[in-house]
Amino acid sequence: MKIEHVAFWVKDLEIMRSFYEKYFGAVSNEKYHNPVKNFNSYFLSFENGSRLEIMTRPDIEEGDNSFEAQKFGIIHLAFETGSKEKVDELTETLRNDGYKVVSEPRTSGDGYYESVILDPENNIIEILK
């Protein structure tokens, strides 16, 4: 078994697609549009074969997506970079480009070297060695 993909509802499909392409090396398919449901989506593929589906529809309600006020359910997405140096470099790049770093690079209690940032819609992203 493997996780084939995870899906996020997003407010701005194009901003989110560009973010994951630019910083995490995602490759996007062509936009899918279902005019009956007014649904649009992209599948973003990553080097290891995993995929992220980002979807939008005007009737989806905004939730309380907050690092501080966490709730049950999927809470973060983690990307492995392969080295501490790459974790540090990507964290600094994201910070310099205006993204919020909510946890500086460190070795966590469970042994990961990681930092935590928020994507453009405040989804929690872990960047790991």
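As a basis for the values below, the full set of heavy atoms in this structure was taken, side chains included, without hydrogen atoms, waters or symmetry mates.
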Do [X] and [Y] land in one hydrophobic cluster if side-chain heavy atoms of ILVMFWY residues count as linked below 4.5 Å?
{"X": "Val87", "Y": "Phe79", "answer": "yes"}
{"X": "Val27", "Y": "Tyr32", "answer": "no"}
{"X": "Ile117", "Y": "Phe46", "answer": "yes"}
{"X": "Val116", "Y": "Leu90", "answer": "no"}
{"X": "Val102", "Y": "Ile75", "answer": "yes"}

query = Among Ile127, Val101, Leu118, Ile125, which one satisfies side chain to side chain contact (heavy atoms under 4.5 Å, CB included) with Leu94?
reply =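 Of the listed residues Ile127, Val101, Leu118, Ile125, the side chain to side chain contact (heavy atoms under 4.5 Å, CB included) partner of Leu94 is Ile127.
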Original post:
Under 4.0 Å between a Lys/Arg side-chain N and an Asp/Glu carboxylate O for Lys129 and Glu114?
Top reply: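 The answer is no: the pair does not qualify as a salt bridge.
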message = Check this for me: does any side-chain nitrogen of one of Glu104 and Arg95 sit under 4.0 Å from a carboxylate oxygen of the other?
response =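 Salt bridge present between Glu104 and Arg95.
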Taking atom CD of Glu62 as the centre, does the number of heavy atoms from other residues, nucleotides or ligands within less than 6.0 Å exceed 12?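 Atom CD in Glu62 is not crowded, with 12 or fewer foreign heavy atoms closer than 6.0 Å.
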**Message:** Counting only heavy atoms not in Phe67 (residues, nucleotides, ligands), do more than 12 fall under 6.0 Å from its CZ?
**Reply:**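 Enclosed.
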If I take atom [atom1] from residue [X] and atom [atom2] from residue [Y], how far apart are they, to the nearest 0.5 angstrom?
{"X": "Asn34", "Y": "Ser41", "atom1": "CG", "atom2": "OG", "value": "9.5 Å"}
{"X": "Thr93", "Y": "Lys22", "atom1": "OG1", "atom2": "NZ", "value": "9.0 Å"}
{"X": "Ser50", "Y": "Ile3", "atom1": "OG", "atom2": "CD1", "value": "9.0 Å"}
{"X": "Met55", "Y": "Leu52", "atom1": "CE", "atom2": "CG", "value": "9.5 Å"}

Practice item. Can you sort out the partners of Lys31 under side chain to side chain contact (heavy atoms under 4.5 Å, CB included), two or more places apart, ordered by chain and number? Key: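 Side chain to side chain contact (heavy atoms under 4.5 Å, CB included) list for Lys31, sorted by chain: Leu13, Glu14, Asn40, Tyr42.
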- Task: Could you pull out all residues at least two apart from Arg57 that satisfy side chain to side chain contact (heavy atoms under 4.5 Å, CB included)?
- Result: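 Listed in chain order: Trp9, Phe39, Asp59, Ile60.
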Under 4.5 Å between any side-chain heavy atoms of [X] and [Y], yes or no?
{"X": "Pro105", "Y": "Tyr113", "answer": "yes"}
{"X": "Glu53", "Y": "Leu44", "answer": "no"}
{"X": "Pro120", "Y": "Met16", "answer": "yes"}

Is there a donor-acceptor pair under 3.5 Å between the side chain of [X] and the backbone N or O of [Y]?
{"X": "Glu121", "Y": "Lys11", "result": "yes"}
{"X": "Ser108", "Y": "Tyr112", "result": "yes"}
{"X": "Thr56", "Y": "Val10", "result": "yes"}
{"X": "Thr81", "Y": "Leu128", "result": "yes"}

- Message: Please determine whether side chain to side chain contact (heavy atoms under 4.5 Å, CB included) holds for the pair Phe43 and His5, giving the CA-CA distance in whole Å, both sets of side-chain angles, and the decisive distance to 0.1 Å.
- Response: CA-CA 9 Å; Phe43 272 97; His5 75 272; 3.7 Å; yes
Run the side chain to side chain contact (heavy atoms under 4.5 Å, CB included) test on Ile124 and Leu77 for me, step by step, so that the C-alpha distance in whole Å, both residues' side-chain angles and the decisive distance to 0.1 Å come before the verdict.
CA-CA 6 Å; Ile124 300 167; Leu77 187 60; over 6 Å; no
For Glu21 and Ala26, work out which heavy atoms get closest and say how close.
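So the minimum-distance heavy-atom pair works out to CG-O, 3.4 Å.
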So, Asp119 and Tyr23: side-chain donor and acceptor under 3.5 Å apart, yes or no?
->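 Looking only at side-chain atoms, Tyr23 and Asp119 do not form any donor-acceptor pair under 3.5 Å.
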With sequence neighbours left out, what residues match Glu61 under salt bridge (Lys or Arg N to Asp or Glu O under 4.0 Å)?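 Salt bridge (Lys or Arg N to Asp or Glu O under 4.0 Å) list for Glu61, sorted by chain: empty.
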